[in-house]
Structures are given as C-alpha cells and as structure tokens.
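Structure first, then comments.
Computed from heavy atoms alone, side chains included, the values below leave out hydrogens, waters and symmetry copies. Predicted model only: the values in this text are computed from it and were never measured. In what follows, chains are A, B, ... by sequence order, proteins preceding strands, each numbered from 1.
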Protein chains: 2
Amino acid sequence: MEKRATIRDVAERAKVSKTTVSYVLNDVKKVSEDTRKRVLEAMAELHYEPDFTAISLTKRKSQLIGVIMPLVNESIAAVMQENTYFNEMISAIEKVARENGFDILLTGLAEPERYRAWVQKRHLDGLLFLGLFPEEIYSEMRSMDVPAILIDTYETHTGDYPSVNVDDEKGGYEAARHLLALGHKQTAFLTSNRADPVERERYKGFQRAYKEAAVKLPPPVETASVHSFESGYAAGRKILEEERFTAVSAGSDTTALGIVRAVHDAGKEVPGDLSVTGFDDIRMSRYLTPALTTVRQHIERKGMIAAKKLVHVINGGQEKAEMIDIELVVRDSTGPAPG
Amino acid sequence: MEKRATIRDVAERAKVSKTTVSYVLNDVKKVSEDTRKRVLEAMAELHYEPDFTAISLTKRKSQLIGVIMPLVNESIAAVMQENTYFNEMISAIEKVARENGFDILLTGLAEPERYRAWVQKRHLDGLLFLGLFPEEIYSEMRSMDVPAILIDTYETHTGDYPSVNVDDEKGGYEAARHLLALGHKQTAFLTSNRADPVERERYKGFQRAYKEAAVKLPPPVETASVHSFESGYAAGRKILEEERFTAVSAGSDTTALGIVRAVHDAGKEVPGDLSVTGFDDIRMSRYLTPALTTVRQHIERKGMIAAKKLVHVINGGQEKAEMIDIELVVRDSTGPAPG
DNA sequence: TTGTAAGCGTTATCAG
DNA sequence: CTGATAACGCTTACAA
C-alpha cells in the first residue's frame, strides 16, 4: 500500500512550502499564477486529497452534519423501519449535503448530555433535528454555538433555531373538509399526544372545518403512537368496535395502513365501511390498494430545504423559518358516508 | 460558551502530565490507583470528552464506518425512497455500530477513484458494501488495507472480502415449489440482469424446482429493475397482456407491490387471477392487503451480523463468509392456479 | 509573493 | 509508575 500523499509531499514536489500549497488549496492570498500551476500539477500527480481530520483539528470544521432522529428503545431502528417518512427525509438531506461537500452522521440520542459530547467529539458543523426534543437540548446546542435547523417543530419550543415545517393546521382542515363533503359526521381523529404542537395544530384545523360546517366533532381517539402500524391496527379495531364512526383520520400513512388492515381483518371494506385518511404521503401510499387519501407533506422538498438552510447558516448566512405548503391528495381510501 | 476541556486541562487539574491522562484514558500501562482516581475525578469535574478528531489524526482510527449504497442518478435517494429494504438494513447496521462506539457514514459513490479519497479523507475504519460493485473498487480498497464486509454478494466477485448473504438458490427453489404445489405451471420469473449473481442463484433454484416437478419453466421475463415499484407495475401489465401466466415471482417486495397494483388496475384480482410472490419480506409486506407471500431475508439480522463482523475485523479479528438461512413466508398473495 | 514556526488535541517514543 | 518531546496533517499569524 503506497502511503498516501500529504501536503508536505506536494510541497516538496512543487518546490514550495506547505504554506503555499495550503494557500492554493484554500484559494486564499495571492499565489503567482506560475507557482499555483506547479502546485496544482503536483497535487494531481500525487493524487493528493486533503485530510479532513487534520483540517477539522485546525479549523474546527468537519464538513459533517449531524441528523438527530427520534429514538425508540434506545435505537433509531424502530422508527426507521416502521415509518418510511424518515427514510425519505434522510435521503433528501443526504443529497443536499453531498452536493455541498458534507457527509451526514445519523444518531438518536437518549440523554441530553450526550449531545454536547457528540457534537464536540466529531466537531459537527451543524445539526438537523427531526421532530421535537426536550427544550434543554436546544439551549445546550445554543450554548455551543452550533448551527441547527429544526424540522417538524414549532418555533415556540426551539430556543430560536429556524424551523422548517408544514402547515399542519391546514392539513387537518383539508382532511376534515374532504370528509365532511363526503358526508362523514362521525369522524375519529387519532391522537397520541395532545401536547405535541404538530398534532395540536392538525386538530385545530379539524375543529375549524367542523365548526364551519356546523357539525359536532366527536372527541379525538387516543392511540399509542402516530407513527407505527401496530398502533394503527389497534386503533382500527377499537374504532370498529365502537360502531360509531364512518371515517378516521390518522396521523401518518403508516398508521393509516394499520387501520386499513384492521378493517380488512374484520371482514369489512375501505372505504365502503370506513373511510381512512393518512398524513405524509409517503412513497408507498400511492402504490397501495386502496391507494391512500392523504395529506401530502412534500417530504423530499422539506428535507432539501432544511438541509440547504443549514448549509447556508454554516457558511455564515442567516435563515428564517419556513412553512411549506401542504395539500390533500384524494385517492381511494375515502368514499361517501354510508346511509 | 465555556470552552471545552482538553486533555491538558484535565492534566493540570489532576496535577499530572498529559501523558498520564492519556494512559488512564486508554487503560494502558500501569498507572497507580491513586493518580488514576485523581485523573478520573478531574475528567468528571470538567465534563471532559476526548476529541475524536485529534485521536483520529494520531491513531489513524476514526470510529467511523462507511456504508456504501447502490447509486441511482448520482444519488442514493432513489433507492432509499423506493425500497425500504435498504432502510431496514441501515438501521440494523447503525444499531450495532453505535453499540460498539462507531458512527456510520452513508454514501453512494459514482467513480471508483472517489472511494479511495473518501476513505482517506475521513480515515474510515471499515466499509460495508450493500450489493455488488465493480471489481476494481474492491481491489482499490484492498490496496488501502481497509477492512470491509460485503452484503448480498457472492465471493467470487469480491476480491476476497468476507460476505454475508442469503441462500438465494434456496429462496428461488422454495418460491417455485410453493407455486408448483398450488398448480402453477405458467410462472413468470422476473429478472433485470442475468449476470447478477443474486438473480442468477434465485433463478437456478427456480429451475431446479421445475425440473424436479418435471414441469417446463417458461423463459424469464425481463424487467428494468428488481427494486422499483414502477418496473413491477410495467412488468405486471406486460404479463397480463400475454395472457399466459398464472403466477409471477418478483425480485423484491417492492416490485411485487407494483405487480399487484397493475393487476388491480386491470380490474383483476390477486391471487384469483394472478398469484404473486415477493422477495425480502420488508416490514410493510405483512401489513398489505393482500399480505404478500414472500421469501424472508431476515434483513435486520443480516445487517447486524455484517456489522458485527466488520467491527470484529476492525479490532484485528478474522472473519469468514456467512450465509444466512432464508424461508418462504406464505401469506395471501398466492393461491391455487385457476382452472 | 512566499516561507517560518506555532498550534489544533491526542498518542507514541523514550527517558527517568 | 510518570513525564518530556516529537509526531499526525493542516492552517495561520507573522516575517521576509
């Protein structure tokens, strides 16, 4: 194994000092066109590649972006395996990162104090938070002066980091309007945590639509999680048992899938016996049978926008919050209310 | 922002030299129990965390594992978004990596020469290849002496790196036997690339089963990709048009999903008009309607085994290839041949 | 325009 | 058992 070339090798070959090489590397100061060319040649001949690790040590920059995911059972595996929303998000982030010379590091961290350690250990240049985390984490990060962009969070909770999210209130509103137009009055709104701002906004939209239509909205139905198939399945069974609802609005497409399955397992039909709306519009949703009526989040776009903002802030720019448009996508899992 | 503590701060506080601190940090040499305790205390008080970047520079170890993914259109996004197989894989890898103090770096690289640069730039400790890549990449990596484990590849192609894969031949065989038992003689075996060893093995198994049953197997049906929904959909249409087949065997669950959808869009039924088998058993497959009959790859287990092997090799161990068992999972997308 | 030398936080070599 | 001191590969005042 030929030893890899260092800046020193390049310098010797080009008969200049390491400093000069560094200058042309960083496009800094004025290097005579002549030496510059010599250096460039030497670099090419030696297949020289700068060592990020060394650069990281001096510049305190790593070209590394940390992506922080929600954690289930000490691992990000559960959430990544269940809900492809996160995968679509991550792949979009990775794309923008790569285009800008960054690599991404995935993690889900349990204790807040580990965040500081992680950022320091790796000299992380910036952070992308997927979802809402305990407030102390944001203030920790602030105190370290590390840039961050928050995805799917409302700013009131975030210690002032810019957020990229979606108009959840509108999403809830549109879903409800659609269901109302189909004649559904007894609609179950699934919720796992009424304190979560995302869920709350969606519910607000839901209420607004029902109010406008002067229809009384039944109380929300509690569920363990809005991200898992299992909790959707359980909620589906519960809803069928109550024999009261003609429609249900889920917090994610994954949950909606669970509901659909529960309906089938009970020998009933979607949308014949129960209309179902999802949320997210993950890739899969258009492929299913019945294809899911859902609220499209533009996941990929959201991820790309957030990543671009982060890169911009890392490079010294300013960014502010952005809310991405959202829209209802009507497909086959919703139909007219029976009767 | 309080400046972070370095090894020097710890040394001063404990009234020892940096060297000594380093010793206790690395559990090396014999440090008197007394000083050791003092150092530990100082570390705790200062919330000291060793700087991976600096360590990486001296030790040429980064605690970083590179995960190399197949690339579509210069980006890993396409494959991550379409086929959740990769996500389940990655999350399993991430879990093992974290447990062993490693972070993972995702990439898909276009030109082989970039691999060397990437490994060097980041001082990567090891590599995990997902799928088959051009041979020159493996020899490049060999020449750099970087440990690697290959997933879903057969060793003949890999320049001797240990591989972790699945008994594809058996998978094809089991799927074919199941279909034969249901009376399907006209079965379409979908293939995108007859040179790919994975596809070839599966087809071999398929042939074996048909031979044993003394049934003539129709020639395979070509498709653009065995990983995308779209190509499954297209293949589904083609197969229906031919009006010859009563069953089809897809190369992934994602493709199978596309086929199912094509059947529905044609006003027909699965499995009534066409039986469909998938491959992989991704999470989603058990949730669908009809739930997919498929060959289970134990994706998570495969990922964990590969990651563990890699960690072992990185730590100086030896590893050899391993083939993981595979099994047919019969669900609702297959049924008796009509007539 | 180019070079010298110190420094980033850590480990490794070699003395004491 | 402990400590100087020189690396690791690169950047950055400061000189020349």
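- When ring centroids are compared, B/F129 and B/Y138 come within the 6.0 Å threshold.
- Under 3.5 Å, the side chain of B/K59 and the base of C/dT10 form no donor-acceptor pair of N or O atoms.
- Separating the CZ atom of B/R8 from the P atom of C/dG7 is a distance of 9 Å, rounded to the nearest angstrom.
- Taking only side-chain atoms of B/T35, from C-beta outward, the nucleotide of C/dT10, D/dT11, D/dT2 with the closest atom is D/dT2.
- The phosphate of D/dT11 (OP1 or OP2) has a side-chain N or O of A/S22 nearer than 4.0 angstrom.
- Candidate nucleotides D/dT11, D/dA13, C/dG9 were compared by shortest atom distance to the side chain of A/L25, and D/dT11 ranks first.
- Side chains of A/H312 and A/K309 form no contact here, defined as non-hydrogen atoms less than 4.5 Å apart.
- Taking the side chain as every heavy atom from C-beta outward, A/L128 and A/I65 approach each other to under 4.5 Å.
- When heavy atoms are screened at a 4.0 angstrom cut-off, B/T19 is found touching base atoms of the nucleic acid.
- Comparing D/dC10, D/dC8, D/dT2 against the side chain of A/I55 picks out D/dC10 as the nearest.
- Spacing between atom CD of A/Q63 and atom P of D/dC10 amounts to 15 Å, rounded to whole angstrom units.
- Judged by distance alone with a 3.5 Å cut-off, no donor-acceptor contact links the side chain of B/T58 to the base of C/dA12.
- Between B/S32 and D/dT2 there is a side-chain polar atom (N or O) within less than 4.0 angstrom of OP1 or OP2.
- Using a 4.0 Å heavy-atom cutoff across all strands shown, A/Y48 reaches sugar-phosphate atoms only and no base atom.
- Put simply, the side chain of A/M144 does not reach to within 4.5 Å of the side chain of B/R4, judged on heavy atoms.
- Where B/K18 and A/A54 each meet DNA chain D at their nearest nucleotide, the meeting point lying more 5' is that of B/K18.
- With sequence neighbours excluded, the residues satisfying salt bridge (Lys or Arg N to Asp or Glu O under 4.0 Å) with B/E49 are A/R114, A/K121.
- Of the candidate nucleotides D/dC10, D/dC8, D/dT11, D/dT11 has the atom lying nearest to any side-chain atom of A/N26.
- Set against D/dA6, C/dT4, D/dG3, the side chain of B/S17 has D/dG3 as its closest nucleotide.
- In this structure, B/L106 and B/F86 have side chains that are not in contact, with every pair of non-hydrogen atoms separated by 4.5 Å or more.
- Nearer the 5' end of DNA chain C, as judged by each residue's closest nucleotide, is the contact made by A/R36, out of A/R36 and B/E49.
- Closest to the B/L57 side chain, of the nucleotides D/dT2, D/dC10, C/dG9, is C/dG9.
- End-to-end axis angle for the helix from C/dT1-D/dA16 to C/dG16-D/dC1, using five pairs per end and rounding to 10°, comes out at 40°.
- Rounded to whole angstrom, the span from the CD1 atom of B/I7 across to the C1' atom of C/dA12 amounts to 12 Å.
- Rounded to a whole Å, the CG atom of A/D27 is 12 Å from the P atom of D/dT11.
- Between B/I151 and B/A306, the shortest heavy-atom distance links the atoms CD1-CB, 3.5 Å.
- Contact annotation for B/V16: backbone-only contact, meaning every heavy-atom pair under 4.0 Å involves sugar-phosphate atoms and none involves a base.
- Note on A/R60: every side-chain N or O is 4.0 Å or more away from OP1 and OP2 of D/dT11.
- The residue A/V21 sits apart from the nucleic acid: no heavy atom pair falls under 4.0 Å.
- Counting only heavy atoms from C-beta outward, the side chains of B/I55 and B/Q63 never approach each other to under 4.5 Å.
- Between A/R122 atom CZ and C/dC8 atom C1' there is a gap of 17 Å when expressed in whole angstrom units.
- On a pure distance criterion of 3.5 Å, a polar donor-acceptor pair joins the side chain of A/Y23 and the base of C/dG3.
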